[in-house]
Amino acid sequence: MHKYLALIRANWQRALTYRSTILGYRVGEIAEMLFILVLWTSVYSASGENVLRGFTLREMITYFLIGNLFNMVVRSFASERIANDIKHGRLSTYLVRPISYLAANFMRQFASLATLISVITQLILITLFFLPVIIFNTDALYLGIIALMAIFAFVIEFMISYLVGLIAFWTDETDGISSSIDRIKRIFSGGLFPISFLPEVFAQISFLLPFGYSLFVPAQLYLKKMDISTGLYGIFVQAVWIVILYGIIAFVWKRGLKRYESVGI
Amino acid sequence: MSIIEVHNLSRTYKFYRKEPGFVGSMKSFFARNIEHARAVDGISFSMEEGELVGFLGPNGAGKTTTLKMLTGLIEPTSGTASVLGHIPHRREKQYQKQFSLVMGQKNQLWEDLPAYDAFLLNKAIYELPDKEFKDQFEELVEVLDVGKILNVQTRKLSLGQRLKCELIAALLHNPKVLFLDEPTIGLDVVAQKNIREFIKKYNRERNTTVLLTSHYMEDIKELCERIIIINKGKIIYDGSLDKLVKKYAPHKRLTVTFNKEGVGREILSRFGKLKYLGPHRSIISVLRKDAPSVAASLLSAGLPVDDILIDEPDVNEVIRHIFEKAS
Ligand SMILES: Nc1ncnc2c1ncn2[C@@H]1O[C@H](COP(=O)(O)OP(=O)(O)OP(=O)(O)O)[C@@H](O)[C@H]1O
Ligand SMILES: [Mg+2]
């Protein structure tokens, strides 16, 4: 078996060992999602409007359901793990072997998709609840672009998370930075509210940042509030980001390793 | 050509010293006192293929730091190291496939996976052919007798069991050079002996070059013909254990057993330095070259001597003496 396939397999096994942890997360997420949907429902009824910034309530609910589904697939929790590997010297076990740490972690990220089954179950549960109001899009072209965007977003999310983890080469305190980045990500990805609610400038900026492609853009595409060409342009922006991030990672990794002291062993 | 060649190798660590308390924290926030620790200070040595060398030294002497440089984990500050013709910190795959590092204090296997899965993973990582893997695996599992625990998550294993699995994982790719950092730490005497015997046999049979650190003199005595002693980053001895004892311990021990009680301090002190006085058995330390003649005069002095044993001082003692003198 090829080494990276073997890594996926091993990580897969490992991920499945932690079924109860996974379920633990899901409970909180379902609660949060329901809360957001209830919140927006009452915002609409309080405002007395049918359309807010171009969103009907049905569109808004669909936006959050689809956007979050997309986000759950692509998001990455690599940073904490990587920071710990560096802090506790566990990185050493990779450095003495013929294996790339970046690739090994990517495989781990990929293997964590095994837990997707629980995400999908969760989504089906919520969807059933909101079935009457959800908008369905079966346009293959749109769905195809969204799928492509998901692959790119998966890579980008991983790379950002990986980079944040690498900060541990310089400081033992990475929790603060990583939580700040999470918050910025949440706003610019449209996870709290659609970015179109922000002043125009922000929306413009967010198109050039990688975050929006992890939730806002695909949800907009799904709702056909964006056309195919905008979607393709987004994929181009993502591709550029992958190249940029890869460059930064290579640079930071090289500098970081010079500082690495393999402590604890 | 030697398998390992080290020339003038040094490594300095930078670190910050913080004064205690809140004020100290504030001060160090604005201006940190950078200090340098010279962990390894210009060491040179070489090792030939198949050699098993013991790397000794008190805590903080620089042993682990040296191993880190030889395995490419950290870069030397100055000097050069070459192992199997490779410069370790370049981390070339070709080099990595030919050595292994086992650290007794650090779990290298994935804790959540059973050992067998970890082995399979290593098979893939080192790109081992099926047959080679199978042969090596089966042999190691048998010799180390771990057949029954292969399906248990490694974090649920005892220290000794885990270490055996670590060794297997490290040896599957049949490395030419093996670095062992305190491989027997924390093991009970029986387990220590097993591991020690295994390492010895493996080194003989495969002609694997082994560099090993340990604080247990038993390990060193049993395993290493040659030892390198390092202290404060400098090599203070490089040679055989026998010669070390001869060099640093100019005395021999005469253990005299009497068949009657009461041969006292006064009488015995005439023959040499009295190390231990007992009712029936006493120990006298005498210069190496005088040992035979002192023994002879003890016998002819009309004392109730039952037996005289001449031997080398305890290695532990010699090493302790060297460490104490050096610090
Ligand atoms: N990351 C680091 N930063 C600062 N100083 C360090 C670091 N790592 C090691 N040192 C210092 O370098 C010296 C050598 O450490 P090293 O770990 O090589 O010793 P050792 O011989 O392996 O000791 P032990 O027998 O206790 O394992 C020690 O004085 C230690 O405090
Ligand atoms: Mg050490």
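For clarity, every value in this text was computed on a predicted model and none was experimentally measured. Order of the sequence lines fixes the chain letters, A, B, ..., with proteins taken first and strands second; residue numbering starts at 1 for each chain.
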Item to complete: Verify the neighbour count for atom CZ of A:F236: are there more than 12 heavy atoms of other residues, nucleotides or ligands below 6.0 Å?
Response: no

Fill in: More than 12 heavy atoms of other groups within 6.0 Å of B:K176 NZ
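Not more than 12 within 6.0 Å, no.
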
Worksheet item: What distance do B:L73 atom CG and A:L257 atom CG have between them, rounded to the nearest 0.5 Å?
Response: 10.0 Å

Practice prompt. Using a cut-off of 6.0 Å, state whether more than 12 heavy atoms not belonging to A:W253 lie near its atom CH2.
Written response: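 Atom CH2 in A:W253 is crowded, with more than 12 foreign heavy atoms closer than 6.0 Å.
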
Worksheet item: Roughly how far, to the nearest 0.5 Å, is the NE2 atom of A:H88 from the NZ atom of B:K106?
Response: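 Interatomic distance, B:K106 NZ to A:H88 NE2, rounded to 0.5 Å: 7.5 Å.
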
Discussion item. Less than 4.5 Å apart, side chain to side chain, heavy atoms only: is that true for B:F179 and A:V96?
Written reply: no

Discussion item. Within a 6.0 Å radius of atom OH on A:Y94, are there more than 12 heavy atoms belonging to other residues, nucleotides or ligands?
Written reply: yes

Worksheet item: Do B:N107 and A:R90 have a side chain donor and acceptor closer than 3.5 Å?
Response: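 Side chains of B:N107 and A:R90: no pair found under 3.5 Å.
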
Worksheet item: Roughly how far, to the nearest 0.5 Å, is the CG atom of B:D117 from the CZ atom of A:R9?
Response: 5.5 Å

Item to complete: With a 4.5 Å cut-off on heavy-atom pairs, point out which of B:Y13, B:W110, B:Y126 contacts chain A the most.
Response: B:W110

Item to complete: Report yes if the side chains of B:R11 and A:E261 come closer than 4.5 Å at any heavy-atom pair, otherwise no.
Response: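 Yes; the side chains approach each other to less than 4.5 Å.
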
Item to complete: First locate atom CZ of A:R259, then atom CD1 of B:I74, and finally report the distance between them rounded to the nearest 0.5 Å.
Response: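 The distance works out to 14.0 Å.
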
Item to complete: Answer yes or no: does atom CD of B:Q136 have more than 12 heavy-atom neighbours from other residues, nucleotides or ligands under 6.0 Å?
Response: yes

Worksheet, complete the sentence: A:Q13 and B:L113 have their tightest heavy-atom pair at CB-CD2, 4.0 Å

Discussion item. What part of B:Y95 gets within 4.5 angstrom of chain A, counting heavy atoms only: side chain, backbone, both, or neither?
Written reply: neither

Fill in: Where B:R91 and A:L95 come nearest, the two heavy atoms and their spacing
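Heavy atoms only, the tightest pair is CD-O, 3.6 Å.
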
Worksheet item: Short question: side chain of B:K97, backbone of A:P98 - any donor-acceptor pair under 3.5 Å?
Response: no

Item to complete: Decide if atom OH of B:Y202 counts as having more than 12 heavy atoms of other residues, nucleotides or ligands within a radius under 6.0 Å.
Response: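 Counting other residues, nucleotides and ligands, OH of B:Y202 exceeds 12 neighbours.
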
Worksheet item: Heavy-atom distance under 4.5 Å between the side chains of B:Q108 and A:R97, does that happen here?
Response: yes

Worksheet item: What is the distance from atom NZ of B:K93 to atom OG of A:S100, rounded to the nearest 0.5 Å?
Response: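 Spacing of NZ (B:K93) from OG (A:S100) equals 7.0 Å.
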
